[in-house]
Amino acid sequence: MLTVAVLISGTGSNLRALLEAAAEPGFPARIVVVGADRQADGFAHAEAFGVPTVLVPFREFETREEWGDELRRQIDVWTPDLVVLSGLMRLLPAELVDAWAPALINTHPAYLPEFPGAHGVRDALGAGIAETGASVIVVDSGVDSGPILAQERVPVLPGDTEHTLHERIKPVERRLLIETVRAIATGEIDLAAYRTDAGAAAAASDPLI
Ligand code: GAR
């Protein structure tokens, strides 16, 4: 059984989907802890499934590195086989990526390498393209730049707002995330083959990240 830590910042709808999938008999992974960088609404989903939560508020630390050290300390207590970033709106410090990668994946609401960063949906909409997408990647030290494990196109429809487009993307993200976690758990995806360049300088230009 693959043990999974999930890190969030927001509503945690993708977390919820993963919790539901993991509760199905025969699912080969189990969520052992949910962590966040702020008091996230998504904690309620973890609590509903009896999964422990860990709050490490980013704003209470002087540096990203100190925050990362504490996050690592608190998550590693649960010895997860895999860490999933599911709407964590913070860039992890390079040392932490180094420590967890390649067993560190991220879900992103765009068809990477298109539209990385904190505003993947807004940026796709602003670009006026007909299709965007959803991606699940291995995290490296850049911003949404790691190897792609799964992705799928999602249409942009006339009249879409950031909200309507994001709501169309999220069900695809959920499915890709669940399929990817399952494939990692069964060995169909071997993360050891995805060693990344963790350790290179991180490019954190977006203040939201
Ligand atoms: C998801 O769409 C996730 O891909 C995105 O935040 C949303 C969280 O939704 N993450 C990023 O944009 C990271 N760059 P949720 O809290 O409802 O699962």
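Quick caveat, the model's predicted, so the values are computed rather than measured. Note that ligands are numbered from 1 as they come in the structure, with each ligand's atoms numbered from 1 the same way. Computed from heavy atoms alone, side chains included, the values below leave out hydrogens, waters and symmetry copies.
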Problem set entry | Proximity of Lys170 to ligand 1 by residue part, where a heavy atom lies under 4.0 Å | side chain
Exercise. Is there a heavy atom in Ile8 that sits closer than 4.0 Å to ligand 1?
Worked result: no
Problem set entry | Gly10, Ala40, Gly87: member with heavy atom nearest to atom 6 (O) of ligand 1 | Gly87
Seminar exercise, completed: The atoms of ligand 1 lying under 4.0 Å from a heavy atom of Thr11, numbered in the order shown, are 15 (P), 16 (O), 17 (O)
For this session: Please check if the side chain of Ser135 supplies one atom and the backbone of Ala110 the other of a donor-acceptor pair under 3.5 Å.
Result: yes
Exercise. Distance from Ser13 atom OG to His166 atom NE2, nearest 0.5 Å?
Worked result: 7.0 Å
Seminar exercise, completed: If we number the atoms of ligand 1 from 1 as shown, the ones under 4.0 Å from a heavy atom of Thr107 are 3 (C), 4 (O), 10 (N)
Exercise. Just one of Val33, Leu71, Asp37 clears the side chain to side chain contact (heavy atoms under 4.5 Å, CB included) bar with Leu7, so which one?
Worked result: Leu71
For this session: Would you mind checking which non-hydrogen protein atom is closest to atom 3 (C) of ligand 1, with the distance to 0.1 Å?
Result: Glu173 OE2, 3.3 Å
For this session: Answer with yes or no whether His119 contacts ligand 1, where contact means a heavy atom under 4.0 Å from a ligand atom.
Result: no
For this session: Going by the side chain to side chain contact (heavy atoms under 4.5 Å, CB included) test, name the single residue among Ile105, Thr180, Ile148, Thr107 that passes it with Ile137.
Result: Ile148
Seminar exercise, completed: Given the options Thr186, Leu82, Ile31, Val32, Leu2 meets side chain to side chain contact (heavy atoms under 4.5 Å, CB included) only with Leu82
Exercise. Which protein non-hydrogen atom lies closest to atom 5 (C) of ligand 1, naming both residue and atom, and how far is it?
Worked result: Pro109 CD, 3.7 Å
Exercise. Does Arg182 count as lying over the ring of Phe27, i.e. NZ or CZ under 6.0 Å from the six-ring centre, within 45 degrees of the axis?
Worked result: no
For this session: Please test Ser86 against Leu18 for side chain to side chain contact (heavy atoms under 4.5 Å, CB included), starting from the C-alpha separation and ending with a verdict.
Result: CA-CA 10 Å; Ser86 182; Leu18 199 53; over 6 Å; no
Exercise. Would Met89 count as a contact of ligand 1 if the rule is a heavy atom under 4.0 Å away?
Worked result: yes
Problem set entry | Gln151 (side chain) donor-acceptor with Leu112 (main chain) under 3.5 angstrom | yes
For this session: Return yes when Gly12 approaches ligand 1 closer than 4.0 angstrom through a heavy atom, no otherwise.
Result: yes
Exercise. Is it true that a side-chain atom of His108 and a backbone atom of Phe115 form a donor plus acceptor pair closer than 3.5 Å?
Worked result: yes
Seminar exercise, completed: Per-atom filter on ligand 1: closer than 4.0 angstrom to a heavy atom of Ser13 are 15 (P), 16 (O), 17 (O), 18 (O)
For this session: May I ask you to check whether over 12 heavy atoms, not counting those of Arg175, lie within 6.0 Å of atom CZ?
Result: yes
Exercise. Heavy atoms only: which of His45, Arg122, His166 is nearest to atom 7 (C) of ligand 1?
Worked result: His166
Problem set entry | Enumerated ligand 1 atoms positioned under 4.0 Å from heavy atoms of Asn14 | 1 (C), 18 (O)
Exercise. Which option, Ala110, Gly117, Ala134, owns the non-hydrogen atom nearest atom 14 (N) of ligand 1?
Worked result: Gly117
Exercise. For Ser9, is the nearest heavy atom under 4.0 Å from an atom of ligand 1?
Worked result: no
